[in-house]
Novice: 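Provided herewith is a single structure, encoded as structure tokens, for subsequent inquiry.
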2 protein chains.
Amino acid sequence: MLNNSQYIKKLRNSGLRPTKQRIKICEVLFNTDKTFHFTINELVTRISKVSDDKISLATVYNTVHSFKKKGYLKEIPINSDQSYFDTNTSHHHHFYDEGQKNLIDIDDADVEPVKINTKIPGKRIKSVEVLVKVEDDKS
Amino acid sequence: MLNNSQYIKKLRNSGLRPTKQRIKICEVLFNTDKTFHFTINELVTRISKVSDDKISLATVYNTVHSFKKKGYLKEIPINSDQSYFDTNTSHHHHFYDEGQKNLIDIDDADVEPVKINTKIPGKRIKSVEVLVKVEDDKS
DNA sequence: CAATAGTTTAGAACAATTATAATGTAGAAA
DNA sequence: TTTCTACATTATAATTGTTCTAAACTATTG
């Protein structure tokens, strides 16, 4: 929930030039109290709804990837025909309904800390992500 | 670790006709003590190494999908440019090294049961999958 | 053996994503 | 300000993984 000058500051601080496309995308992604999930296509649709001058698809891809690299977005690890991104970069998990292709956050507090009792030599754990697949409960 | 007549039986029992293509794919996937991960492309390569007559790409896709549906294979939920499958259908989890695109099994016994303290009305949990992303430990 | 329902196949089609290369622009230096 | 340059954007082409199609093939049943 920032205004444009704050996005500009944020972008500059992370070494990204504050172009009008990036600022627009910041607005679409972060000008809301609620975090949300999206695919590139859904983002393009959202952008076109709030703006008259459109942003090219390539730029949307580029920007989402730089934002991900800077830690402003997370990619959600599900197998799908397209990638899902999350504006909620806090540590949390997901329910996924494969039938409806519906993703729902699971608050970190609702998942007991996952203990991994093994490790790989020379590697450090970067993240632990839990994906809970759900289906209709027809019982 | 079965011989062909056992694959034939297995296929028939699950309502799949035991064609020579499916039997060949069974051999490549299941004639080993160790379970493993693969992409469709890697599977095609493996097949071509042990067999002279090739199986069309469409058939490999079809077969992997039917085997998945029958529960002989699992798909591993990671974001990648291609899908990963696992011949280990037991309940277990994965380490994933994004840098090297390397997947490693985590034995179920090495992960404390994941407790989810929330639920979605009308939905039932189908699976809980833990993906542990790792990176080089340069400490 | 004949009928038929399920399979395989090559290749086309498709969809998501990435690459290309020309044009545009932000920010720094003069 | 003007100029310069490195970074960004763009339209479009190319690429890649996957699915579709429809014709040929084959395992199974009667």
Side-chain angles (χ1 to χ4, degrees), chain A residues 4-5 7-28 37-45 47-48 51-70 72-73 75-85 98 101, chain B residues 4-5 7-26 28 37-48 51-70 72-73 75-85 98 101:
Chain A
N4 285 12
S5 70
Y7 293 134
I8 291 173
K9 207 177 291 175
K10 185 176 174 178
L11 287 166
R12 263 209 202 93
N13 285 341
S14 49
L16 298 171
R17 284 190 183 167
T19 63
K20 66 178 198 296
Q21 292 86 346
R22 283 174 177 159
I23 295 165
K24 174 66 67 189
I25 293 175
C26 278
E27 285 174 31
V28 173
H37 310 126
F38 64 93
T39 62
I40 296 290
N41 272 328
E42 287 163 5
L43 179 53
V44 168
T45 305
I47 292 167
S48 66
S51 181
D52 290 326
D53 35 24
K54 74 185 249 309
I55 300 177
S56 91
L57 187 58
T59 298
V60 177
Y61 271 99
N62 289 339
T63 303
V64 165
H65 286 141
S66 354
F67 283 10
K68 179 191 167 190
K69 190 176 291 178
K70 296 298 178 186
Y72 304 152
L73 291 174
E75 192 167 2
I76 304 172
I78 52 173
N79 285 105
S80 173
D81 46 343
Q82 51 199 329
S83 290
Y84 279 83
F85 295 89
E98 282 179 303
K101 294 203 171 194
Chain B
N4 285 10
S5 70
Y7 292 135
I8 291 173
K9 207 177 290 175
K10 185 176 173 176
L11 288 166
R12 263 209 202 93
N13 285 342
S14 48
L16 297 172
R17 284 186 184 171
T19 63
K20 67 177 196 299
Q21 291 88 345
R22 283 174 177 159
I23 294 165
K24 174 67 66 187
I25 292 175
C26 278
V28 172
H37 310 127
F38 64 92
T39 63
I40 296 291
N41 273 328
E42 288 164 4
L43 179 53
V44 167
T45 304
R46 272 171 189 262
I47 292 167
S48 66
S51 182
D52 291 327
D53 34 28
K54 74 184 251 308
I55 300 176
S56 90
L57 186 59
T59 300
V60 177
Y61 272 99
N62 288 339
T63 304
V64 166
H65 286 142
S66 356
F67 283 11
K68 181 189 167 191
K69 191 175 291 179
K70 295 298 177 185
Y72 304 152
L73 292 173
E75 192 167 3
I76 304 172
I78 52 172
N79 286 104
S80 173
D81 45 342
Q82 52 199 327
S83 290
Y84 279 83
F85 295 90
E98 283 180 302
K101 293 204 169 194

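Just so it is clear: chains get the letters A, B, ... in the order the sequence lines come, proteins before strands, and each one is counted from 1. Keep in mind that what you see is a predicted model, and the values were worked out from it rather than measured.
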Novice: Output the rounded distance in Å from NZ (A:Lys24) to P (D:dT10).
Specialist: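 After rounding, the reported distance stands at 13 Å.
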Novice: In whole Å, what is the span from the NZ atom of B:Lys69 to the P atom of C:dG6?
Specialist: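 Checked: the NZ to P distance equals 13 Å.
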Novice: Indicate the atoms forming the closest heavy-atom contact of A:Ser51 with A:Lys24, along with that distance.
Specialist: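 Taking every non-hydrogen atom into account, OG-CE, 3.4 Å.
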Novice: Side-chain N or O of A:Gln21 less than 4.0 angstrom from OP1 or OP2 on D:dT10?
Specialist: yes
Novice: Could you tell me which residues satisfy side-chain contact (heavy atoms from CB on, under 4.5 Å) with B:Pro18, sequence neighbours excluded, listed by chain and number?
Specialist: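 In terms of side-chain contact (heavy atoms from CB on, under 4.5 Å), with neighbours along the sequence ignored, B:Pro18 is linked to B:Ile8, B:Leu11, B:Arg12, B:Ile23.
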Novice: Taking only residues two or more places apart in sequence, or in another chain, which ones meet A:Tyr84 in a side-chain contact (heavy atoms from CB on, under 4.5 Å)?
Specialist: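 Only A:Thr39, A:Ile76, A:Ile78, A:Ser80, A:Lys101, A:Leu103 meet the side-chain contact (heavy atoms from CB on, under 4.5 Å) criterion with A:Tyr84.
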Novice: To the nearest Å, give me how far apart CG (B:Leu11) and P (C:dT8) are.
Specialist: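 Taking CG of B:Leu11 and P of C:dT8, I get 10 Å after rounding.
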Novice: For each nucleotide in nucleotides 17-30 of chain C, reading 5' to 3', give B when a protein heavy atom comes within less than 4.0 Å of its base, S when such contact involves only the sugar-phosphate, and - otherwise.
Specialist: BBB------BS---
Novice: Please report, rounded to the nearest Å, how far the C1' atom of D:dT18 is from the OH atom of B:Tyr84.
Specialist: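 It is 16 Å, rounded to the nearest whole Å.
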Novice: Just how far, in rounded Å, is P of D:dA22 from CG of B:Asn62?
Specialist: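 Rounding to the nearest Å, CG of B:Asn62 and P of D:dA22 are 16 Å apart.
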Novice: Using whole Å, what does the distance between atom P of nucleotide C:dT7 and atom CG of B:Leu16 come to?
Specialist: 6 Å
Novice: Checking A:Ser66 now: which residues fulfil side-chain contact (heavy atoms from CB on, under 4.5 Å) with it, not counting sequence neighbours?
Specialist: A:Leu16
Novice: Roughly, in whole Å, what's the span from CG in B:Asp53 to P in C:dA10?
Specialist: 11 Å
Novice: Sequence neighbours left out, what passes salt bridge (Lys or Arg N to Asp or Glu O under 4.0 Å) with B:Lys68? Give chain and number order.
Specialist: B:Glu75
Novice: Given D:dA8, C:dT7, D:dT10, identify the nucleotide with an atom nearest to the side chain of B:Arg22.
Specialist: C:dT7
Novice: Nearest whole Å is fine: how far is C:dT9 C1' from B:Ile47 CD1?
Specialist: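 Rounding to the nearest Å, CD1 of B:Ile47 and C1' of C:dT9 are 14 Å apart.
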Novice: Can you name the residues that form a side-chain contact (heavy atoms from CB on, under 4.5 Å) with B:Thr63, not counting sequence neighbours?
Specialist: B:Arg22, B:Ile25, B:Thr59, B:Phe67
